Amino acid sequence: MHTLPLDAPCPFGTGEPYASCCGKYHSGRASAETAEKLMRSRYCAFVLRDGGYLLSTLAEENRSGFNADTVSQDSTNWTGLEIIESVAGGILDQTGIVEFIAHFEENGTKHQLHERSNFERRDGKWFYVDGVFQDAQSHAGSAVASSGANKTGRNDPCPCGSGKKFKKCCG
C-alpha cells in the first residue's frame, strides 16, 4: 500500500488535503456519507493500493472472490477520475448509482474504465455492490458516448486491461 502525507492533495483531484478528503474514510475516522463519496474514496484506494479499504467497502456477498493482497501488487497507474452521473445515493437514500470513467495507464498505454456502479446503504454504511461496464469511446472535451452496456461476470477478464479476472482486480 502506498501512503500519502495527510496534507498532500487527495488523488481523485479536488485539491483538498487527503486527510480531510478520502483519508478520513481510509483511516476509519468517518464513513462515506453518500454513494458518490464512497465511489471517490474507492478510486483513491485503488490509487493508493489500499486493498483493505476496498474489501471493507465491498458488499459482503461479493467479498469471497476479492483478494485484497493483490491490490498492493497491482502496477496500474490510475491517472484521473470523472464522475458522469450520480442517481440517488444521498444521505437519506438506501441505494445509489454512480457512473464514472477512471483513466489509467498500463505498460505505457492509456486506457479508461467506464462503469455504472450500484451502491447500497446497509446498517448506515455505504457499500459497493456491483457495476455494469459501459462500452464507450472518447470524443472531444472528454465527453463519452455509451454504445451499450455489458455486465462483467466475476470470472471474466477485467475490462481495465490488467489481464486478471474481474473479481481479483476492479471487482
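This one's a predicted model, so the numbers in the text were calculated from it and none came from an experiment.
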Restricting to salt bridge (Lys or Arg N to Asp or Glu O under 4.0 Å), what partner residues turn up for [X], sequence neighbours left out?
{"X": "Glu120", "result": "Arg122"}
{"X": "Arg121", "result": "none"}
{"X": "Glu85", "result": "Arg116"}
{"X": "Glu33", "result": "Lys37"}

*Please state whether the rings of Trp78 and Phe46 are parallel, tilted or perpendicular, taking 30° and 60° as the class boundaries.*
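Plane angle between 30° and 60°, so tilted.
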If we only count heavy atoms from C-beta on, is the [X] to [Y] side-chain gap below 4.5 Å?
{"X": "Leu58", "Y": "Tyr128", "value": "yes"}
{"X": "Pro9", "Y": "Pro17", "value": "no"}
{"X": "Arg40", "Y": "Val98", "value": "no"}
{"X": "Glu36", "Y": "Leu38", "value": "no"}

*Derivation of the side chain to side chain contact (heavy atoms under 4.5 Å, CB included) call for Thr95 and Asn118*: CA-CA 7 Å; Thr95 62; Asn118 298 301; over 6 Å; no
If you look at every heavy atom in [X] and [Y], which pair is closest and at what distance?
{"X": "Arg49", "Y": "Ser75", "answer": "NH2-C, 3.7 Å"}
{"X": "Ser117", "Y": "Glu115", "answer": "OG-OE2, 2.7 Å"}
{"X": "Gly96", "Y": "Ala35", "answer": "CA-CB, 4.4 Å"}

Going by side-chain hydrogen bond (donor to acceptor under 3.5 Å, both in side chains), name the residues that satisfy it together with [X], two or more places apart in sequence or in a different chain.
{"X": "Ser72", "result": "none"}
{"X": "Tyr18", "result": "His26"}
{"X": "Thr34", "result": "none"}

*For the pair Thr76 and Phe104, evaluate side chain to side chain contact (heavy atoms under 4.5 Å, CB included) and give the outcome as yes or no after the intermediate values.*
CA-CA 7 Å; Thr76 303; Phe104 63 97; 3.6 Å; yes
*Can you name the residues that form a ring pair (Phe, Tyr, Trp, His ring centres under 6.0 Å) with Phe127, not counting sequence neighbours?*
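By the ring pair (Phe, Tyr, Trp, His ring centres under 6.0 Å) rule, Phe127 matches no residue at all.
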*Under the ring pair (Phe, Tyr, Trp, His ring centres under 6.0 Å) test, which residues partner Tyr25, sequence neighbours left out?*
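With neighbours one apart ignored, the set is empty.
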According to side-chain contact (heavy atoms from CB on, under 4.5 Å), who are the partners of [X], at least two apart in sequence or on a separate chain?
{"X": "Ala68", "value": "Leu55, Phe66"}
{"X": "Ser31", "value": "Lys125"}
{"X": "Thr79", "value": "Asn77, His103, Glu105"}

*Pairwise distance CG(Asn67) to CG(Leu54) - rounded to 0.5 angstrom*: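 Asn67 atom CG to Leu54 atom CG measures 11.5 Å (nearest 0.5 Å).
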Between [X] and [Y] (side chain of the first, backbone of the second, donor and acceptor by atom type, cut-off under 3.5 Å), is there such a pair?
{"X": "Asn62", "Y": "Val129", "value": "yes"}
{"X": "Asp50", "Y": "Tyr53", "value": "yes"}
{"X": "Asp74", "Y": "Val71", "value": "no"}

_Option from Ile83, Thr57, Ile97 for which side-chain contact (heavy atoms from CB on, under 4.5 Å) with Met39 holds_ =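 When side-chain contact (heavy atoms from CB on, under 4.5 Å) is applied between Met39 and each of Ile83, Thr57, Ile97, only Ile83 qualifies.
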*Check each of Glu99, Gln134, Glu82 against His114 using the side-chain hydrogen bond (donor to acceptor under 3.5 Å, both in side chains) test, and report the only one that passes.*
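Looking at Glu99, Gln134, Glu82, the match for His114 under the side-chain hydrogen bond (donor to acceptor under 3.5 Å, both in side chains) is Glu99.
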_Pair Thr109, Asn107: side-chain N/O donor-acceptor within cut-off below 3.5 Å_ =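 Checked: Thr109/Asn107 side chains show no N/O donor-acceptor pair below 3.5 Å.
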